[in-house]
Each structure stands twice: as C-alpha cells, then as structure tokens.
Amino acid sequence: MTAFIDIDIKKRLGAFELAAKLSLPAHGVLGVFGRSGAGKTTFINALAGTLTPDTGHIRVGGATFFDAATRTNLAIESRGVGYVFQDGRLFPHLDVKQNLRYGQMRASRRQRAQSIGFDTVVDVLGLGALLARRSSNLSGGEKQRVALGRALLTQPRLLLMDEPLASLDAPRKSEVIPYIERLRHDFSIPIVYVTHSVDEVTRLADHLMILVEGKTVVTGDLVSVMSDPLHAPLFGRHEAGTVLDCKLESHDTHFQISTLSFLDGYLRVPAVDLAPGTPVRVRLRSREVALSTRRLDDVSITNQLAGHVAELIERQGPYIDVVVALGHTSIRALITRESCERLGLVPGTPVWALIKAVALDRRSVAA
Amino acid sequence: MLLSHAEWGVVWLSLEVAFLATVSSLPVAIAVAWLLGRTQFVGKSWIDALIHAPLVLPPVAVGYVLLLLFGTQGTIGRWLFTHFGIRFVFTTKGAVLAAAVMAFPLMVRGIRLSLDTVDRGLELAARTLGASATDVFWTVCLPLMLPGILSGSIVGFARALGEFGATITFASNIEGETRTLPLAIYTAVEGVGGNTIALRLVIVSMALALGALMVSGWLENRMRSFLGYGRTR
C-alpha cells in the first residue's frame, strides 16, 4: 500500500534540527505532539510550503510537494493544502463572507472539484450569523471557526491545523472543539493537527507522531502509542495514561451517568451527549487510577476493574507505574513505591484497578 | 480673499504640478517601497540611499543634477528631445519632474512604514488559500497599505506644492509654465512693491498645505477603522 502522506525531511535552523519521518494512510487525523520548541510548527510549515526543507521529500496524495533529489518545490498556492493558524489570520479588510470566499474563489479558478459547498460549511460551523461581520468584531472562538471554514472551502486534499485552540481560553476551547470533531466526521479530509495538549490529541487524533527536540521519536496508531508504557515519559507524569477503545452502551438519565463497554468490562462516566452505540475513546490518566488487592464495597469509587499486575515500571522519584492486565487490554496505575511495597505487589498479584467516574469527565472521553 | 487673475493662474499651476508629480511617482513609490520592504537584493542599501538623497541634499543641488541629466544637453534629456520631442527645461513638465523627485523619498518612506505594519502572516495565509504572490500583493498587501499610501501621497503632494530650489534651478522661473506658488512668492518679494502680493500668496500656500494635511488625517482615520485596525474585542 502506498502511503497518502510520505515524509522524510531534514531542516536545520541555527542550532535546531528537524528530522521528521512519517508515512500515513489517507484518512483520519494525525496528531503531531510535542513540547514547545520540539519542531511541530517547523514540520507543519514544511508541509504547507512556507518553509523549505534542506533535504528529503514530502509526498501527499500522489503529488510531490518537495523533493531535494529532483529539486522539486511546489509553490504554496499549488499544494492544495488548507492551513488553520494558531492566530486565525483572518483578513481585516474583508468581512467574514469575503474571507470565506477568498479561498473558495481561487480553488474554483484552479478547477479543483467543489465537493465542499459554501452553505454546508456555514451550516456545520455555525457561521450564518457572522457572515456580514468584520473579523475585528469576532471573539477568539468565532475567529477560529471562520478560519476553519475558510481553509475547508479551498477544497483541500489535506487540512493543517497549528495549535488552533492554543490562543483561546478554556470556555472558548470547549466551544470550538466540537466543531473540529464534526469536521472530522462530516468531511473526509485527512487532517494534520499540531498540539502540545494531550487532551486535544486524545479527543481528535487517530494517529500520533511525537516530536522531541526536532526528531520523530514515534509514530503510529493513537491508542497503541499512548498506551505503550515506554512512551509515558513523553507525556509527563500528569498526563501519561492508557487509552481504551470503548462503545457507548446506555445512559442513566436519573443519575446522569453513561455506561461504556470495552473488551474487558464496563466504565461508568459522567453523562456523555452521544447516542448509544457510538464508539468512544477514554483516556485513563495513570495518576488517577488507584489499586486495591480486593474489591471495595464501602467506597465511593464506581469503576473497579479486576486484573493482575503484569509489570512494575520504576519512574523518576517515588513513583512506580503498575501495568495491570485486565484480559485483552491493560491499564496503568501510577502509585508510590511505598504503597507498592505495603500492598506487596509483584508481577502476578491479583489487583483491582479503581477509577473514579468523576475523573473521566468530557476531557477524557472522545467520540 | 481676492486674488488677481494672474495669481489664480499661479495657484492652479501649483496644484497641477503637485498633483501630476504625486500621481506620476505614486506607482513607482509603491513598487520601490515593496522592493525595499519585502525583498533582498545586492546593492539594496545603495538604492535606499540614492532614493533618500533628495531629502538630505540641498534642493539646488538636486536641481543641478536634474539639469545635467535631463537638460537639453543632458544625456537623457537630449535623447528624449531628439526621439520624442520631450523637453523639460523651461516647461511645466520640468517643474513636475523636479517636484516629483523631491517628493519621492517622503512618499516611499510613508508607504514603506505602512507596509511594515502589514502582517506577513496574512500574506502567507493568502498563499495557502491559493493566491499567487502577485495576487497576494493586489488583494491583501495593497488594501492593507492604503492608509500609508494615502498619507504618503498627501505628504508628497504638500512637499511638491512647496518645492522651490530644484524647480528654479532645473525648470527655471517662467510665468505660466514653471512659476508655482513658492517661485511666485520669491518673484513678488524680489520685485518692487510686491509685499502684499507675497503675503496673499503665502496665505494661500498655508491654506492649501494645512487643508491637505487635515483631509489626509480624516481620510486616514476613516480608512483605518474600515480596515479594522485599532479595534479589539
């Protein structure tokens, strides 16, 4: 199978060197994850063409964007790549409608198939009431929605997003995220989504590429990359955890609790506004999983999953990452070495993994 | 205020010269501002210095250089005269050329300042939306530069209205052809009993210059708010 995105580039910028390598199929969202300064923006700019790599190649959907060997460097405007910037970059001299039309007009001049209609985009992104407004009169969240629509209307073969939520405060973020989720479902355009937020990656990405100091350290399917204990240090002690593929089973309207099923059992979480049957992804932060050697009945913790200790991984400081095998899947619990010794945990010990339903809020559950 | 027929002629000629000087040098000034602000090339600092020379040289010196180049015996002047019959010396064209050269650096500076405030990120965004570099210039860069282009033009216009040294040296002081307001004031002061004429013309000059600046300030404000500058929410 030939990859939709095939990238192998190097770019030196002063003391920094980007060395990114990637090959991906033609669907879904690629999360590009890394700390600030890891080269995420450099990487996405090379894809867009606003930055020229020193060596290597970039091929997308059969088109060669860049190839140092044949001295190919396709112009930015000819790449057919939509780009949503962190700061929106709406044109201040045009109103919202003219901003949206700017890319669409040029796409039709280039005779790109108009598969994404103006009205559809306005509808999906809820832009109807904004069309006559000036970009200077929009809130941060509204600006990003317009920027999303403007990029979509260029009929792109690939959509790039560079931390589109980073400049927004928390309420604005949760206002925009559902739109990006809808976009992912409603339009079949592959998306490259750059972020330093584990939450956003979990909610939006299907594949993951992690950059550390300019180097691609791992690429792969999101669930397996994030759940691999080897990669835990890349996410940091606060965010590291396991991702489980689940299915929404039922809602309890009285208690406002939703039940999710996965291969080894059920998880009860605060109500999720999705239809039963919807596949969802749940991220269990290791630091929010507790362990017990027996089932606890006189405790408030709702989710108690039976398994056995598969592996103990020493982490920096007083911590131990305990891999608990549940059957088909495994999750991890970050506990102190002290607790580990008190419970006498060794590989093979039967344990119960305890997860508060409250910890599995909307930030941890992704459709 | 009552001006004589001849004095009205001077006012109209001044406006004509200043207007033509501004309009003819504006496209060049925009192009040069863009080249200096958005591109890198060998000898850029020399071009920059050359363009700004009229700002720091004595205007008479500039007029003399123009005479050397565009005079009937000058290299370019002779060629233009033999092939196209165009003559600068002693003609309104000469006054326009002198005013244009003197106003040019001020226009370039004003336009370039506004170009510097145009976010290059917007230009890159336009490229990702399918616009070629030329397209971006016309649809993003130029509209956002408009306030600067306008104020640069008005300042250039005011400078051209006041141009004296280069004009009198290059195009000479000929009534109806090159005698603009400053030259007419000079002639009146030099002549016998011309003080009241001079005073009247000085007042007209002041009114024109201040009027131009006020119109420019008002237009620029309107344009900036139209372009969405300086408003946040």
Side-chain angles (χ1 to χ4, degrees), chain A residues 44-45 47-51 74-96 98-112 133-143 147 149-156 158-162, chain B residues 26 30 33-34 37-41 110-153 216 218-233:
Chain A
I44 206 171
N45 282 344
L47 256 173
T50 58
L51 176 131
L74 203 58
I76 304 170
E77 63 269 25
S78 309
R79 295 191 176 199
V81 163
Y83 198 154
V84 179
F85 299 87
Q86 184 177 334
D87 49 354
R89 299 197 187 173
L90 300 184
F91 301 126
H93 58 300
L94 303 178
D95 63 23
V96 168
Q98 291 165 325
N99 264 286
L100 292 171
R101 293 275 191 209
Y102 191 93
Q104 193 190 25
M105 267 163 46
R106 283 160 180 81
S108 71
R109 252 181 248 159
R110 286 168 189 280
Q111 284 156 15
R112 229 170 259 158
R133 300 255 291 273
R134 291 246 150 202
S135 63
S136 48
N137 289 328
L138 300 177
S139 72
E142 289 168 339
K143 274 184 192 160
R150 188 177 67 169
L152 273 175
L153 284 169
T154 63
Q155 319 294 330
L158 178 68
L159 195 54
L160 309 177
M161 301 193 198
D162 185 13
Chain B
L26 186 60
I30 294 173
W34 189 85
R38 283 290 189 266
T39 59
Q40 293 297 331
F41 54 89
I111 295 166
R112 195 176 158 187
L113 275 178
S114 76
L115 177 63
D116 288 344
T117 65
V118 174
D119 181 1
R120 302 193 76 161
L122 288 177
E123 295 174 38
L124 283 178
R127 295 287 301 276
T128 67
L129 293 168
S132 66
T134 339
D135 191 355
V136 170
F137 175 78
W138 289 106
T139 57
V140 176
C141 216
L142 202 61
L144 291 176
M145 280 160 69
L146 274 183
I149 290 175
L150 183 81
S151 62
S153 306
S216 128
W218 178 76
L219 269 176
E220 202 186 337
N221 269 336
R222 292 221 34 186
M223 217 176 259
R224 290 182 75 85
S225 70
F226 175 74
L227 293 177
Y229 285 116
R231 275 193 295 167
T232 46
R233 185 176 127 181

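Convention: sequence-line order gives letters A, B, ...; per-chain numbering from 1. All values derive from a computational prediction rather than experimental measurement.
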Side chain / backbone / both / neither for L153(A) at chain B, heavy atoms under 4.5 Å: neither

Which heavy atom in V136(B) sits nearest to a heavy atom in Y102(A), and how many Å separate them? CA-OH, 4.4 Å

Here the gap from R150(A) atom CZ to T128(B) atom OG1, rounded to the nearest 0.5 Å, amounts to 7.0 Å

Scanning both residues in full, the closest heavy-atom pair of E77(A) with S132(B) reads OE2-CA, 3.3 Å

Output, in order, the C-alpha distance, side-chain angles, deciding distance and verdict of side chain to side chain contact (heavy atoms under 4.5 Å, CB included) for F91(A) and T139(B). CA-CA 10 Å; F91(A) 301 126; T139(B) 57; over 6 Å; no

Atom pair OG1 (T50(A)) and CZ (R120(B)), whose distance is rounded to the nearest 0.5 Å: 12.0 Å

Heavy-atom proximity to chain A below 4.5 Å, by part of A126(B): both

For the atom pair CZ (R106(A)) and CG (D135(B)), what is the distance rounded to the nearest 0.5 Å? 4.0 Å

Ignoring hydrogens and angles, tell me if any N or O in the side chain of R89(A) forms a donor-acceptor pair with the backbone of G121(B) under 3.5 Å. yes

Closest heavy-atom pair, P92(A) versus L122(B), reported as atoms and distance to 0.1 Å, is CD-CD1, 3.7 Å

Drop me the distance from F85(A)'s CZ to L124(B)'s CG, to the nearest 0.5 angstrom. 6.5 Å

Is it the case that atom CZ in R222(B) sees more than 12 heavy atoms from other parts of the structure closer than 6.0 Å? no

